[in-house]
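Count residues from 1 along the sequence.
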Amino acid sequence: MRIRNTLTAAAAAASTIALSLVAATPTQAAEYSSALKIKGVQYDAPGSDSNKCSGGNTKNEYLTIKNYSRSSTVNLKGYVVKDAADNTFTFTASHSLQPGDYVKLRGARGTDSDAKNVVYRQNCNFIWNNDKDTIYLHKPSGARADVHSYTKKTNDRDGNGYINYHG
C-alpha cells in the first residue's frame, strides 16, 4: 500500500510540474475566442535593416491582423499590439474591419488608409526582432486576443522573413 501511495504522489507532483510548465509558456491563438487574430508577420524586412525615416525600410516590416468573424465588424480603436520587450502600439483611431477584412500595421511614417488596409505606427524603429520574438494582440479591455512566438530557425523555413499563423 505504501508503494501505491508513493506512486500516486509522484504522479500528482509530475502533473503539477507539467501544468506549471504549460502555464509559463506563451499561450497560442487557439485558446482565444477573439474575432481578430494575427494572420502573419513580416518580421524581417527585405534588404539591409535601416530605420531611417527617409529611405529606410521599416515600412516593409508589418503585422497583418485579420477579422475572422463571419458576421461582425470589429473596430480596431483601443486594440494594442506589443512584443516581448514591451514595445507597444495602440490603435488610437477608428479603423473598422469587416468580416474577412485585414489590416497591415506597418513601421515608418505614412497615411493610414482604410481603402489600402494599412495603418502606420508613425515610428521608424523596427519592432520585431529578426531572430525571435513574441507578438501580443490585446483587446481594448486589456484581455488577450491573440499571441504568437516565433524563432527564425523554427518558424521561417523558407527564410523570407514572413511567418503565416492563420490562413
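Of the possible polar contacts, none joining the Thr90 side chain to the Thr92 backbone as a donor-acceptor pair under 3.5 Å is found. Remark: side-chain polar atoms of Gln42 are not paired, donor with acceptor, to backbone N or O of Leu63 under 3.5 angstrom. Gln98 places no side-chain N or O within donor-acceptor distance of the main-chain N or O of Gly100, the cut-off being under 3.5 Å.
Ile127 and Tyr120 are not part of a single hydrophobic cluster, where members link through side-chain heavy atoms under 4.5 Å apart. Linking Ile, Leu, Val, Met, Phe, Trp and Tyr residues whenever their side-chain heavy atoms come within less than 4.5 Å leaves Tyr68 and Val81 in two separate clusters.
Classified by interplanar angle (parallel below 30°, tilted 30° to 60°, perpendicular above 60°), the ring pair His148/His166 is perpendicular. Between Tyr136 and His138, the angle of the ring planes stays under 30°, which puts this pair in the parallel group of the 30/60° scheme.
Note that CG of Asp156 and CG of Asp131 are 12.0 Å apart. Values are rounded to the nearest 0.5 Å. One finds the CG atom of Asn87 at 8.5 Å from the CG atom of Asn125 (value rounded to the nearest 0.5 Å). How far OG of Ser54 is from CZ of Arg109: 11.0 Å, rounded to the nearest 0.5 Å. To the nearest 0.5 Å, the span separating CG on Leu105 from CD1 on Ile135 amounts to 10.5 Å. Within the model, atoms CG of Asn75 and OG of Ser94 stand 4.0 Å from one another, a figure rounded to the nearest 0.5 Å.
Of the charged side-chain nitrogens involved, at least one lies within less than 4.0 Å of a carboxylate oxygen, so that Lys82 and Asp86 count as a salt-bridged pair. For the pair Glu61 and Arg121, the salt-bridge criterion is met [side-chain N within less than 4.0 Å of a carboxylate O].
Screening Thr73, Asn67, Asn117 for a side chain to side chain donor-acceptor pair (under 3.5 Å) with Asp101, the sole residue that qualifies is Asn117. Of the options Asp133, Asn155, Thr134, Thr154, a side chain to side chain donor-acceptor pair (under 3.5 Å) to Ser149 is made by Thr134 and by none of the others. Between Tyr43 and the choices Tyr162, Tyr150, Trp128, the ring-ring contact (aromatic ring centres under 6.0 Å, His included) rule is met once, by Tyr150. Checked against Tyr62 for a side chain to side chain contact (heavy atoms under 4.5 Å, CB included), the options Thr58, Asn60, Thr64 give a single hit: Thr64.
Using a 3.5 Å distance cut-off with no hydrogens or angles, the side chains of His95 and Asp114 do pair a donor with an acceptor. Remark: the Tyr165 side chain and the Asp146 side chain contain no N/O donor-acceptor pair separated by less than 3.5 Å.
Side chains of Val147 and Ile38 form no contact here, defined as non-hydrogen atoms less than 4.5 Å apart. Contact check for Lys39 versus Val103: no side-chain heavy atoms found under the 4.5 Å cut-off. Put simply, the side chain of Ile65 reaches to within 4.5 Å of the side chain of Leu137, judged on heavy atoms. Between Ser34 and Lys139 the shortest side-chain heavy-atom distance falls below 4.5 Å. Using a 4.5 Å heavy-atom threshold, the side chains of Phe126 and Asp49 count as touching. Side-chain contact between Pro99 and Arg70 is absent, with no heavy-atom pair separated by less than 4.5 Å.
Shown here for Asn160 and Asp158, the closest heavy-atom pair between the two residues is OD1-OD1, 3.0 Å. In terms of heavy atoms, Thr111 sits closest to Val118 at O-CG1, 4.2 Å. In terms of heavy atoms, Val74 sits closest to Ala35 at CG2-CB, 4.1 Å.
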Worked verdict on Phe91 versus Val119 for side-chain contact (heavy atoms from CB on, under 4.5 Å): CA-CA 9 Å; Phe91 288 91; Val119 172; 4.0 Å; yes
After noting the C-alpha distance and the side-chain angles of Asn129 and Asp83, does the key distance pass the side chain to side chain donor-acceptor pair (under 3.5 Å) rule?
-> CA-CA 9 Å; Asn129 293 331; Asp83 72 348; 5.3 Å; no
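Residues meeting the ring-ring contact (aromatic ring centres under 6.0 Å, His included) test with Tyr79, sequence neighbours left out: none.
The 12-atom threshold is not exceeded at NZ of Lys132, counting heavy atoms of other residues, nucleotides or ligands nearer than 6.0 Å.
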